[in-house]
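I have placed the structure first, in the form of structure tokens, so that the comments after it can refer back to it.
Basis for what follows: all heavy atoms, side chains included, without hydrogens, waters or symmetry-related copies.
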Amino acid sequence: MFKKEDKEKNNPFKNENFEPETTEEKEAVENTEDKPQEENKEPENNETEKLQAELDSLNNKYLRLAADFDNFRKRQMQERESLLKYGAEDTLKKIITVLDTFERAKKSIADMTECEKIKESYDVGIKQLYDTLDKIGLKKIEAKGEEFDPNLHEAVMQTPTNDYPANTVIDELQTGYKLFDKVLRPVFVNVATEGETPAQENKEEQ
């Protein structure tokens, strides 16, 4: 390879007596001079990386904000649905006490044949009341003859017996109610437990 000195020595435009006269000659002289080195690109690269990092950070913040807003929207919808579904809960709890009165009255006149017309009027009235409450979601919890369920029933009595399987509800002591699938009040029940076996009975008699 030629050294820089050789290159300059062989350059016809480096002749001390040479004076460029035309534009082409001036450009030729300028092109023969050593070009300055390219500027360092590192600062430009650092700036690009910085801008990219800021963009990524803003994008992550946007995604988190969008996710938070979506969760908030879903919670609002659930709360609204719950309000529409269970908004009458407190009112129905008060009506339950009225139903208790109807139930007790029905039992008290059940054997009074001279009050047949009263019983008929009562039956019509309470049927209308129950039908109305059923339309807005209030339903009786059926318990008698069912297996004891702590989610629906509250055992206030236990009776040893062989007439029913153990853990069976043999009597309803107070009616329970649900609002759709939510228990407003469990049924107060009497639950069967295992009765004595014949061998145990004979032993006690002896």
query = Cation-pi between Lys106 and Tyr122: NZ/CZ under 6.0 Å from ring centre and within 45° of the ring axis?
reply = no
request  = Apply the salt bridge (charged side-chain N to carboxylate O under 4.0 Å, His left out) test between Asp134 and each candidate in Lys139, Lys140, Lys178; give the one that qualifies.
outcome  = Lys139
task = Verify the neighbour count for atom CZ of Phe180: are there more than 12 heavy atoms of other residues, nucleotides or ligands below 6.0 Å?
result = yes
query = Is the count of non-hydrogen atoms from other residues, nucleotides or ligands lying under 6.0 Å from Glu194 atom CD greater than 12?
reply = no
Residue pair Leu179 / Ile136: nearest heavy atoms and the distance that separates them = CD1-O, 3.7 Å
inquiry  = Any salt bridge linking Glu103 with Lys107? Criterion: basic side-chain nitrogen under 4.0 Å from a carboxylate oxygen.
reply    = no
query = Do the non-hydrogen side-chain atoms of Gln174 and Arg185 ever get within less than 4.5 Å of each other?
reply = yes
ask   = In terms of ring plane angle, is the pair Phe148 and His153 parallel, tilted or perpendicular, where the classes change at 30° and 60°?
value = tilted
query = Closest heavy-atom contact between Ala143 and Val169?
reply = O-CB, 3.3 Å
ask   = Do Lys94 and Thr91 have side chains that get closer than 4.5 Å, going by heavy atoms?
value = no
ask   = Taking all non-hydrogen atoms of both residues, which atom of Thr161 and which atom of Ala192 are closest, and how far apart?
value = CG2-CB, 3.6 Å
Derivation and outcome, salt bridge (charged side-chain N to carboxylate O under 4.0 Å, His left out), residues Lys127 and Asp131 = CA-CA 6 Å; Lys127 183 180 184 304; Asp131 288 345; 3.0 Å; yes
ask   = Please walk me through it: do Leu99 and Leu133 pass side chain to side chain contact (heavy atoms under 4.5 Å, CB included)?
value = CA-CA 11 Å; Leu99 296 178; Leu133 295 174; 3.7 Å; yes
